[in-house]
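One structure is given below, encoded as structure tokens.
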Amino acid sequence: MRWSRSFIPTLREDPAGAEAASHRLLLRGGFVRQLMAGSYALLPLGQRVASKIEGIVREEMLRIGGQEFSLPSLHPAELWQRTGRLEIPEIFRLRDRRGAELCLAMTHEEVFTWLARELRSWRSLPQLWFQFQNKYRDEERPKSGLLRVREFLMKDSYSFDLDAAGLDRQFESHLTAYRRIFERCGLEALAVQASSGAMGGSESVEFMVPTGAGEDWIASCAACGYTANIEKAASLLPPLADPPGPPRPEPFPTPGIRSIAALAEFPGGVPAERQIKTLVYVLDGRPALLLLRGDHELVEAKLTDGAGCAELRPATEAEIRALLGAGPGSLGAVGVSQCPVYADAALRGRRNLTTGANRDGEHLRGVDLERDIAVGQWLDLRRVGEGEACPACEAPLRLIKAVEVGHIFKLGTRYSEALGASLPGESGAPQPLQMGSYGIGIGRALAAVAEAHHDADGILWPVNVAPHEAVVSVLNTRDVGVSETGERLYEALLAAGVDAILDDRDERPGVKFRDAELVGIPWRLSVGPKGLATGQVELFRRRGGRRREVPVERAAGILAESVLEERR
RNA sequence: CGGGCCGUAGCGCAGCCUGGUAGCGCGCCUGAAUGGGGUUCAGGAGGUCGCGAGUUCAAAUCUCGCCGGCCCGACCA
């Protein structure tokens, strides 16, 4: 590959509106261009990196027994109707010229399950099927370059077994494969316990790369390795001793007090941890009360999981008034029986607390949870805080911002039952297939690598995923000797199996150095008249910036050896 | 979906408040010099000022509508 003949439109200035480092550098380095919100073109360099990541993923999927497919992205809406997923707001829907309803794939559970109906006998199991295919999601807010887009390439795989033990094995082999994949890509991905979401199955693990550009928070314990998404994470709290209170709740006037903080300051009020926070949510169309300690914050995903609902939203003020007769600020669950009451486990056994009286400007003190409130279900609803005790070993937890690069799910029989994918087990009776699904976002992984490996000058690609492993920079193309030596070194590197590019542009040396560093090529051989005068060329390592002079005749060999050593 | 900001040459921006000639830097093209860290000089090309309507003698500039993009929040199977 010759730089002079390549489309590598590097930018001298930072593009406007690119905040995330990966977004900025991938644009500047000529890897990607934005077509519209959440839609990116991969340019040749970006495609090279994506192909290398894809290659690593493919190797590891084949290693665990995967068979590669390629499924359509355009699906009949009817198939999604049958699994109930057509109602997902992010799905792109369209009609063909005859008016038939179609949709674009968000994932491929439906189509793979449809194919799995052709499995005839338990003897053909286990099966592991995978592909690299575009996914489409009409996100409300695409952002951060490639980190959150509406169309993206995903490796998705699907496992089919008859029993839970088989599913467990497939899940485990994906855990192993994913660890290897991310390690080979140079990503330090943490495997974290995750919420499966409303449509998920029994268990799921996310692979998260810590980065400030991430959108997720994870709680992590350095002592024992416990790691969980904030949507799932638990922690231990020191017990609170409540002073004894009155025999029954006592109302007291609190004019103008509409918040936990205000009530904590109010004469006769109590600190937040002795208040009950009462929230009203609408779960699958029905209102419910949620109770948390005054200083705790609700995690909606925990509510989804715990209450087993598909959809939820905060109630409107009008709905709240209709239900409880008061507005937010004076809400409470004492005496409430008209709707379910879910309480966070941290409130269990608490006594003599303060909460709203369901009359504006009035609160109740002396409330005992067990005595005064008809709690329908105790759930873990609260957000874990930094420094709280690890649920496994009690060491303090840290909260880390991260981006999700992979997610593996045990789906169970949700899709196989909906689509009729079952086959006779050893007993002869038909059983629905036990499925797992497993995804890696290729573009997101690419961006995550750039996010994790860059400096002020550009990207520092690990050799395994670099668009080119080495560049031969011809510092003066008008000098025939220099040019010819550069060509020879370039050819020698190719012959040695190094993925090299020859920078043969008629540019000043500084331009070539800057571009090579911006693009992030791990190794560089600089061929110039000064070095050649004494038979030397300069070998430069992008990461660390080390440079040394090596004899021309040995340069290709030394570089090839270094590159091969770094490959994994 | 709520809040904020922005659409002017390929990229980054100024001009808009106070209506009248469309400008700067980078990049690009030509020539010359230079050639180990974005070099210099000279010449040149390139713009429906996001789209539509309105006000006006006159609109990049004022008004309204629409479209698009970015950031924060909410959401994310």
Side-chain angles (χ1 to χ4, degrees), chain A residues 9-20 23-24 27-28 30 33-39 80 83-91 105-110 135 137-145 147-150 154 156 194-201 204 206 213-216 229 231 298-301 304-305 309-314 316 403-404 407-409 411 414-415 437 439 441 444 457-458 473-479 482-483 503 505-518 524-533 536-538 540 545 547 549:
Chain A
T10 56
L11 302 173
R12 190 180 284 232
E13 292 174 84
D14 281 340
E19 304 269 318
H23 189 199
R24 183 168 50 81
L27 283 168
R28 276 196 61 192
R33 286 295 183 263
Q34 180 178 24
L35 179 62
M36 56 180 172
S39 177
W80 287 68
T83 58
R85 296 214 298 171
L86 198 57
E87 305 314 316
I88 296 172
E90 281 76 25
I91 201 163
M106 297 182 60
T107 58
H108 283 78
E109 276 83 358
E110 279 79 2
K135 305 292 184 262
R137 297 184 186 179
D138 195 2
E139 298 281 356
E140 287 193 55
R141 181 149 117 70
K143 58 180 283 200
S144 305
L147 287 177
R148 185 175 192 75
V149 293
R150 296 193 294 174
M154 177 189 263
D156 45 328
S195 160
S196 294
M199 300 304 219
S204 88
E206 288 169 333
E215 301 185 272
D216 288 291
N229 192 301
E231 295 182 345
L298 171 71
V299 174
E300 290 189 349
T304 305
D305 290 348
C309 63
E311 255 187 298
L312 93 204
R313 62 172 173 85
T316 63
V403 61
E404 176 190 343
H407 200 162
I408 61 179
F409 294 88
L411 295 175
R414 182 189 142 64
Y415 294 89
S437 85
R444 192 182 269 188
D457 298 324
S473 298
V474 177
L475 299 186
N476 186 340
T477 50
R478 308 269 175 93
D479 182 319
V482 169
S483 257
D503 193 348
R505 292 175 296 170
D506 182 17
E507 289 286 353
R508 305 273 303 188
V511 173
K512 299 185 182 188
F513 294 150
R514 295 267 190 173
D515 271 349
E517 283 153 24
L518 175 62
R524 184 178 76 216
L525 269 186
S526 302
V527 186
K530 291 187 185 169
L532 280 195
Q536 311 271 302
V537 293
E538 184 195 80
F540 174 78
R547 58 192 74 203
E549 298 292 325

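Just so it is clear, the values below take in all heavy atoms, side chains as well, and ignore hydrogens, waters and symmetry mates. Residue numbering restarts at 1 for every chain, and letters A, B, ... go by the order of the sequence lines.
Here A/Glu300 lies in heavy-atom contact (under 4.0 Å) with sugar-phosphate atoms only. Within 4.0 Å of A/Thr10, counting heavy atoms only, lies no atom of the nucleic acid at all. Counting non-hydrogen atoms under 4.0 angstrom, A/Glu19 reaches the backbone sugars and phosphates but no base. Backbone-only contact: A/Lys143 has heavy atoms under 4.0 Å from sugar-phosphate atoms and none from a base. Here A/Glu517 lies in heavy-atom contact (under 4.0 Å) with a base. Residue contacts for A/Met36: at a heavy-atom cut-off of 4.0 Å it reaches the sugar-phosphate backbone alone, with no base atom in range. Among the heavy atoms of the strands lying under 4.0 Å from A/Asp506 is at least one base atom, whether or not backbone atoms are also near. Nucleic acid contact for A/Arg524: base, since at least one base atom lies under 4.0 Å from a heavy atom of the residue. A/Arg28 comes within 4.0 angstrom of a nucleotide base, judged by non-hydrogen atoms across all strands.
Between the P atom of B/G36 and the CG atom of A/Leu525 lies a distance of 18 Å, rounded to the nearest Å. Look at CD on A/Glu140: it is 16 Å from P on B/C72, rounded to the nearest Å. Going from atom CD of A/Glu139 over to atom P of B/A74 covers 15 Å, rounded to whole Å. Counting to the nearest Å, the P atom of B/G69 and the CG atom of A/Leu35 are 10 Å from each other. Here the P atom of nucleotide B/G36 and the CZ atom of A/Arg478 are 13 Å apart, to the nearest Å. Going from atom NE2 of A/His407 over to atom P of B/A77 covers 8 Å, rounded to whole Å. Residue A/Phe513 contributes atom CZ, which lies 7 Å from atom P of B/G37 at whole-angstrom precision. Taking atom CG on A/Leu475 and atom C1' on B/G37, their separation rounds to 10 Å, with Å as the unit.
Base pairing annotation: B/G52 forms a Watson-Crick or G-U wobble pair with B/C64, both donor-acceptor distances under 3.5 Å. Nucleotide B/G36 has no partner under the Watson-Crick or G-U criteria, as no pair reaches both atom distances under 3.5 Å. If you check B/C57 for Watson-Crick or wobble pairing at under 3.5 angstrom, you find it paired to B/G20. As the counterpart of B/C28, B/G44 is assigned, both hydrogen-bonding distances of the Watson-Crick or G-U wobble pattern falling under 3.5 Å. In a base pair of the Watson-Crick type (N1 to N3 plus N6-O4 or O6-N4) or a G-U wobble (N1-O2 and O6-N3), with each distance short of 3.5 Å, B/C5 is matched with B/G69.
Shortest non-hydrogen contact noted between A/Val482 and A/Gly528 is CG2-C, 3.8 Å.
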Is there a salt bridge (charged side-chain N to carboxylate O under 4.0 Å, His left out) between A/Asp138 and A/Arg150? Walk through the geometry before answering.
CA-CA 6 Å; A/Asp138 195 2; A/Arg150 296 193 294 174; 3.5 Å; yes
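Counting only heavy atoms from C-beta outward, the side chains of A/Leu147 and A/Arg444 approach each other to under 4.5 Å.
Separation of the P atoms belonging to B/G54 and B/U18 is 24 Å when rounded to the nearest angstrom. Comparing the C1' positions of B/C75 and B/C28 gives a spacing of 44 Å, expressed to the nearest Å. Across B/G52 and B/G44, the matching C1' atoms stand 36 Å from one another, rounded to whole Å. Comparing the C1' positions of B/G10 and B/C62 gives a spacing of 31 Å, expressed to the nearest Å. Going from the C1' atom of B/G46 to that of B/G27 covers 12 Å, rounded to whole Å. One C1' atom belongs to B/C13, the other to B/A9, and the distance between them is 12 Å to the nearest Å. Only the C1' atoms considered, B/C6 is 36 Å distant from B/G43, to the nearest whole Å. Comparing the same atom, C1', in B/C26 and in B/C72 gives a spacing of 31 Å after rounding to whole Å.
A donor-acceptor distance shorter than 3.5 angstrom exists from the side chain of A/Arg28 to the backbone of A/Arg12, with no hydrogens or angles considered. No donor-acceptor pair under 3.5 Å is formed between the side chain of A/Lys512 and the backbone N or O of A/Leu475. A distance-only check finds no donor-acceptor pair linking the side chain of A/Glu139 to the backbone of A/Arg141 [under 3.5 Å].
With sequence neighbours left out, the side chain to side chain contact (heavy atoms under 4.5 Å, CB included) criterion links A/Arg547 to A/Arg524, A/Glu538, A/Phe540. Residues passing the side chain to side chain contact (heavy atoms under 4.5 Å, CB included) test with A/Thr10, sequence neighbours excluded: A/Ile8, A/Asp515, A/Leu518, A/Val519.
For B/C72, the OP1/OP2 oxygens have a side-chain nitrogen or oxygen of A/Arg141 closer than 4.0 Å. The side chain of A/Lys135 places no N or O atom within less than 4.0 Å of a non-bridging phosphate oxygen (OP1 or OP2) of B/A77.
One cannot find a donor-acceptor pair under 3.5 Å joining the base of B/G37 and the side-chain atoms of A/Asp515.
No side-chain N or O of A/His23 forms a donor-acceptor pair with one of A/Lys143 less than 3.5 Å apart.
Ion pairing of A/Glu109 with A/Arg414 is absent here, as no side-chain N (NZ or NE/NH1/NH2) approaches a carboxylate O to less than 4.0 Å.
Side-chain proximity of A/Arg514 to B/A77, B/G38, B/C75: nearest is B/G38.
Summary of the strand contacts: A/Glu538 and A/Asp14 both lie near RNA chain B, and taking for each the nucleotide with the nearest heavy atom, the more 5' one is attributed to A/Asp14.
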Quick tally for nucleotides 23-33 of chain B: nucleotides whose base has a protein heavy atom under 4.0 Å get B, sugar-phosphate-only ones S, the rest -, giving --BSS------
